[in-house]
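Quick note on labels: first sequence line is chain A, next is B, and so on, each numbered from 1.
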Protein chains: 2
Amino acid sequence: MSKTKNKTDDASVFIVGAGPGDPGLLTLKAAACLKKADVVVYDRLVSDDILAMVPDSAEKIFAGKAARDHFMPQDEINQTLVDLARLDKIVVRLKGGDPFIFGRGSEEAMFLAEHDINFEIVPGITASAGCGAYAGIPLTHRGLVTGVRFVTGHCRDGQHLDLNWKSMADPNTTLVIYMGLINIQKISDELIKAGLPADTPAAGIERGTTPDRRTIITTLDKLPACIERAELKAPSLLIIGKVVELSDTIAWHTHAHECLMEEDGVATDA
Amino acid sequence: MSKTKNKTDDASVFIVGAGPGDPGLLTLKAAACLKKADVVVYDRLVSDDILAMVPDSAEKIFAGKAARDHFMPQDEINQTLVDLARLDKIVVRLKGGDPFIFGRGSEEAMFLAEHDINFEIVPGITASAGCGAYAGIPLTHRGLVTGVRFVTGHCRDGQHLDLNWKSMADPNTTLVIYMGLINIQKISDELIKAGLPADTPAAGIERGTTPDRRTIITTLDKLPACIERAELKAPSLLIIGKVVELSDTIAWHTHAHECLMEEDGVATDA
């Protein structure tokens, strides 16, 4: 398990987290990578504002990854990165959020390593940190929860969502669900069945760090109906836990528009 | 629960995550905040390289927060922020990592809200994302784990560490422990007792995104002894789970120094 190899001196592929949408949430390192890129291979979740930061001279390749619709299969993305690197290009693989949190960055990194391509990982602000900050929902709060947990509500094609509901139904842990819209009814039902109180505060956040963001604050039992009524679309994030009720005090980044609807304990910024 | 207030137009306090150490991991927004600051109130975990980005014209106030040694009590920090904001200063409250992940940012935000001070939250790269990326340890990996969980291994003075060990001993979830050095023996014992296999891969990472970083790769049962032998110091992060073994393939950012010790399945970058 010796770690004497050093691949960082002349990385040719940079697997970069672009953060959750707001271009201001790009890291300095990510911005520097974009500036020097010969090619940028980007995902559907990378916002237009961020793509605008790529120099005109750089080639842009759309890899179009979405939860249920992989425009370019993962194998093909992996091979594309290797092929471009072998052309001595500086390749930036630009992914929404953080490459190592539900980003498949590690699959790409392993493929590059197996093909002796030098690479570097540039972490990004993950959706939960970005959306939590902008919605005024802390992921942890002393005395209220002991930690936070991220799961994905999406499953591989043809498989059903098989999560450890008992373990997840912990009222002292904030639960954040990425890509949870499709299975929201099952998620709500299973968590309540496993013991999480039905009135646990819950939020649904669409495009949480962009000017188009919409936020729903409700309770776990009502979350599926509220999401349906507000027609939340991907990319959306669900946050379930006691910390959600702090948003009433902390929310600072509300949208200029008025609340669209407020009934049955549902508040929406539209 | 209406969210029609808008505190963002003229925020006077910016609660900013500085990330885990590498100044390149600051966000563009955080860097912009530092540039316009009149006063920066900073924590012990903010690195010197990042403080060097604060303009000379800005006043710097050390709030010296460390897990067991609060140089300035939290109440006093809260009041300082209010007092400075009332002097019409642009105040940047600069915290290591992310303000809303074990950062007490929400406590400060609530105090500001209660005193009608406009504020803004700027998320930062949390230690687990930064250290994971630099150590080549993905926090999630498709087919290997279904999610990731962050807990703190530190507890309030005079209290014992009371975590939901059964829920945490989930082999399909990566477990990341912040501030876990002091209680590492108890953490290891309790997790194994709760059913997590003793040979679960485990990493201890000190100052993970800085040039001084040190990484230990071992197994859960040996983690306490390895940490003691390597004399890991805070700030350190523990990552426990199947993803840790991927670092052998993915690790790209190894230190220029040679491995100091490699025995009993322990690899250290020093």
From the list A:Val243, A:Asp162, A:Ile15, A:Asn164, the residue making the most non-hydrogen contacts under 4.5 Å with chain B is A:Asn164
When the 4.5 angstrom heavy-atom criterion is applied to A:Pro99 and chain B, the contacting part is neither
Note: vs chain B, highest number of non-hydrogen pairs under 4.5 angstrom among A:Pro23, A:Gly147, A:Ser106 is A:Ser106
Note: vs chain B, highest number of non-hydrogen pairs under 4.5 angstrom among A:Ala30, A:Ala169, A:Gly24, A:Gly105 is A:Gly24
Under 4.5 Å to a heavy atom of chain B? For A:Leu246 that would be side chain
So, the part of A:Ser128 with a heavy atom under 4.5 Å from chain B: the answer is neither
Applying a strict 4.5 Å limit to non-hydrogen atoms, the region of A:Ala129 in contact with chain B is both
Practice prompt. Using a 4.5 Å cut-off on heavy atoms from C-beta on, say whether the side chain of B:Phe100 contacts that of A:Thr174.
Written response: no
So, the part of A:Ile125 with a heavy atom under 4.5 Å from chain B: the answer is both
(Q) Taking atom NZ as the centre, does B:Lys242 end up with more than 12 heavy-atom neighbours from other residues, nucleotides or ligands that are less than 6.0 angstrom away? (A) yes
Greatest number of non-hydrogen atom pairs under 4.5 angstrom with chain B, of A:Thr152, A:Val148, A:Val151, A:Leu139, falls to A:Val148
If one checks every heavy atom of A:Ile137 against chain B at 4.5 Å, the contacting part turns out to be backbone
| What's the verdict on side chain to side chain contact (heavy atoms under 4.5 Å, CB included) for B:Leu28 and A:Leu25, showing C-alpha distance, side-chain angles and the deciding distance? | CA-CA 6 Å; B:Leu28 300 177; A:Leu25 297 185; over 6 Å; no
task = Check the pair A:Thr140 / B:Tyr178 against side chain to side chain contact (heavy atoms under 4.5 Å, CB included), numbers first and verdict last.
result = CA-CA 12 Å; A:Thr140 70; B:Tyr178 289 63; over 6 Å; no
Verdict with supporting geometry, A:Arg149 and B:Asp170, side chain to side chain contact (heavy atoms under 4.5 Å, CB included):
CA-CA 12 Å; A:Arg149 180 170 189 159; B:Asp170 175 358; 3.1 Å; yes
If one checks every heavy atom of B:Thr126 against chain A at 4.5 Å, the contacting part turns out to be neither
